[in-house]
Amino acid sequence: MDDRLLALVDGVVDAEETRLPLLTLREAQAAVELLQRLAAHEGDGAYAARHLAGNLARRLPAES
């Protein structure tokens with residue numbers, strides 16, 4: 001496990017940092033989909049991708 005990568009991903013939830021609007025809704029949805037595809041594989045990156053995809057997906061508005 002790449003502890004540095006996982007710490008960066010897990011730190012997203014815990015950070016008291018100001019959030020910046022960096023993506024449009026469609027870009028964020030595409031990023032989550034890409035992360036989910038990466039998460040479907042094995043390895044350190046897949047584990048981190050699952051965590052980050054989950055963190056981002058929870059903040060997206062519900063689809064109608």
Side-chain angles (χ1 to χ4, degrees):
M1 173 61 58
D2 184 342
D3 292 331
R4 183 193 64 80
L5 179 59
L6 191 56
L8 286 171
V9 170
D10 285 343
V12 171
V13 175
D14 299 331
E16 294 289 330
E17 298 178 54
T18 302
R19 294 197 182 273
L20 302 175
L22 299 175
L23 302 172
T24 66
L25 176 58
R26 286 177 47 184
E27 289 171 328
Q29 291 167 332
V32 168
E33 185 174 337
L34 175 60
L35 286 166
Q36 289 170 338
R37 289 180 186 211
L38 292 171
H41 301 286
E42 297 297 322
D44 296 345
Y47 186 73
R50 274 192 292 281
H51 278 271
L52 187 54
N55 291 344
L56 294 175
R58 281 190 291 280
R59 295 202 318 259
L60 290 176
E63 293 187 34
S64 303

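Not measured: the values here are computed from a predicted model. For this chain, numbers begin at 1 and follow the sequence in order.
Taking each heavy atom of Arg50 and His41 in turn, the nearest pair found is NH1-O, 4.0 Å.
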Output a table of donor-acceptor pairs, distance under 3.5 Å, between side-chain atoms of residues 31-40 and any protein atom two or more places apart or on a different chain; print 'none' if there are none.
residue	atom	partner	partner atom	Å
Glu33	OE2	Arg37	NH2	2.9

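With sequence neighbours left out, the side-chain contact (heavy atoms from CB on, under 4.5 Å) criterion links Glu27 to Leu23, Thr24.
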